[in-house]
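All chains are named by letter (A, B, ...) in the order of the sequence lines, taking the proteins before the strands, and each is independently numbered beginning at 1. The structure displayed is predicted, hence computed values, not measured ones.
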Amino acid sequence: MNLFSLIGDFSVFFFRSLFISWKIKTTKWRILEQVYHIGIGSLPIIIVIAIFTGLVSIVQTSYQLIGTVPRYILGTTLGRMVMIELGPILTALMVSGRCASSMAAEIGTMRVTEQIDALEVMAIDPYRFLNLPRIIGIFIALPILTVISEFVALICGAVYAHYFLDVPFSVFNYGLTHYFYAKDFFGGLIKSLFFALVIAASGCYFGFKVKGGAKEVGKAATYAVVTASILILVLDFLVALVIFG
Amino acid sequence: MGKHMKETLVGIFIIAGIVVFIILYIWLSGRIGLRNTYDVVVYFEDVTGLRIGDPVTVFGIEKGKVKSLEIDRENVKTIIALDRDIILPKDTKIVVRSVSYVGSDRYVKITPGRDEEIPDVYYGVSEALDLESMATQFDSLFTSFKNFNMGELTEVAAELSRNIDKNITRLVDMMQKPTSKIDAVVEKTEDVVEELDSLIMLLKGDGAIGKLLTSDELYEEVRQTNLALKDLLEDIKENPKRYINIKVF
């Protein structure tokens, strides 16, 4: 399968998974389970990542800027870095690493053990039964995780700046709020929605297309994560171009 | 874990996400303030560069923020959220100033007065933001520099340098040439000075001329002699026959 047919197949798979009868009444529980698995399951690691994102960013920013610009710029820089780029990207990469692989492995195992065939035999649409809850689940969970990640990163940055860099909360807060543009905040969240779609699509697609045995399931998990990560970066550029370009 | 428990946790997760979203947005947009403030209405004629959230300082200390800006007829009605411990009398000076000349950051500077009356509204002034005129001046300066013919300037400078070199050479030559003549003059002058010196020594010394010039006794004798000669001549004039006897035969 060449690149173009892969892109075409991937797109058809994605739209077929999303644009079908949702049957919310029967799918609701499965969506909820996915939100639980992706959202609450990823929350601890996302918080850890966010803490260190905030700390590393503030240390690096202060190293480069303190002494050359007013200290409140630390707040401005950290705020915009976290909102526009670091929050959405790192959260999405972490969730893709954790969830895209598990989706691909789970669906791939169902494929090789013919469970998906069994679903079709029982007249259950596997796209709606397996893919739709995952896509909607991650679509709900990822922006929430992104917001929490940004919040934690900013708090950690502010605390570090106050106690270790002699930048009081009021000064940091002034920089953070004075140059705040709603576009930055919402732009980051819009990014995370696109990232959610590609993570779910990659995980489900490579799981669905598995042929063979356990080895192929492992490969599918790897492909899912790699593809999701690449697509996240490509979409990051495209969305940035549209919103901030 | 039961289905009900999962539902509850997912509900908490989503609500927490929405709450964090709202808190974060309100925090970042500068609408959360821990200060106990009250609103002060100030009218300005012009608030170029001033934005909502800009700091308000009282005696140089940040004590509030610009809360809102709106046009009210021919003025700009500015609402300032000011700390409750700051009271502004009637003669308070309120000025919109720039943080620096290079940035566009503006702030409101308040200098409270001493009056006892506290008005409902205040009137402030805005310091002119001269960046545009400064930029224009810089622009014209740069244009002048651009228009200046640097090639011509270089040529003029080279010509000037050549002339200076030439003149310095000539000056050195002029100073070197008359040295021999000056030496001869100096030598002759020295001879003359030596001769004069010996003459003076002669005049001052014990010789006849020296004594003639310096001896009072000689002077007196000469004077007496002179007087005697004078008398003699007068007597000769009066009685020539006494002295002159001419006999032809």
Participant: Using a 4.5 Å cut-off on heavy atoms from C-beta on, say whether the side chain of W27(B) contacts that of I155(A).
Facilitator: yes
Participant: When you compare the side chain of F13(B) with that of Y36(A), does any pair of heavy atoms fall below 4.5 Å?
Facilitator: no
Participant: Hey, is CZ on F169(A) packed in by over 12 heavy atoms from elsewhere, all under 6.0 Å?
Facilitator: yes
Participant: I need the Y179(A) OH to L28(B) CG distance, nearest 0.5 Å.
Facilitator: 15.5 Å
Participant: For F244(A), is the CZ atom crowded, meaning more than 12 foreign heavy atoms sit under 6.0 Å from it?
Facilitator: yes
Participant: Around E45(B), counting heavy atoms of other residues, nucleotides and ligands shown, do more than 12 lie under 6.0 Å from its CD?
Facilitator: no
Participant: What pair of heavy atoms forms the shortest contact from F180(A) to S29(B), and how long is it?
Facilitator: CD2-CA, 3.5 Å
Participant: A side-chain contact here means heavy atoms from C-beta on lying under 4.5 Å apart; do L24(B) and L154(A) qualify?
Facilitator: yes
Participant: Are the side chains of D54(B) and H178(A) in contact, using a 4.5 Å heavy-atom criterion?
Facilitator: yes
Participant: Check whether any side-chain heavy atom of I144(A) lies under 4.5 Å from a side-chain heavy atom of F21(B), and answer yes or no.
Facilitator: no
Participant: As an exercise, state the distance from CG of L32(A) to CD of E7(B), rounded to the nearest 0.5 Å.
Facilitator: 5.5 Å
Participant: Measuring heavy-atom distances to chain B, does F185(A) have an atom under 4.5 Å in its side chain, in its backbone, in both, or in neither?
Facilitator: side chain
Participant: Does R73(B) CZ have over 12 foreign heavy atoms under 6.0 Å away?
Facilitator: no
Participant: More than 12 heavy atoms of other residues, nucleotides or ligands under 6.0 Å from CD of E159(B): is that the case?
Facilitator: yes
Participant: Look at atom CD of E70(B) and say whether more than 12 heavy atoms of other residues, nucleotides or ligands are closer to it than 6.0 Å.
Facilitator: yes
Participant: Near F194(A) CZ, under 6.0 Å, is it more than 12 heavy atoms from other residues, nucleotides or ligands?
Facilitator: no
Participant: Select one option (side chain, backbone, both, neither) describing which atoms of I14(B) are under 4.5 Å from chain A's heavy atoms.
Facilitator: both
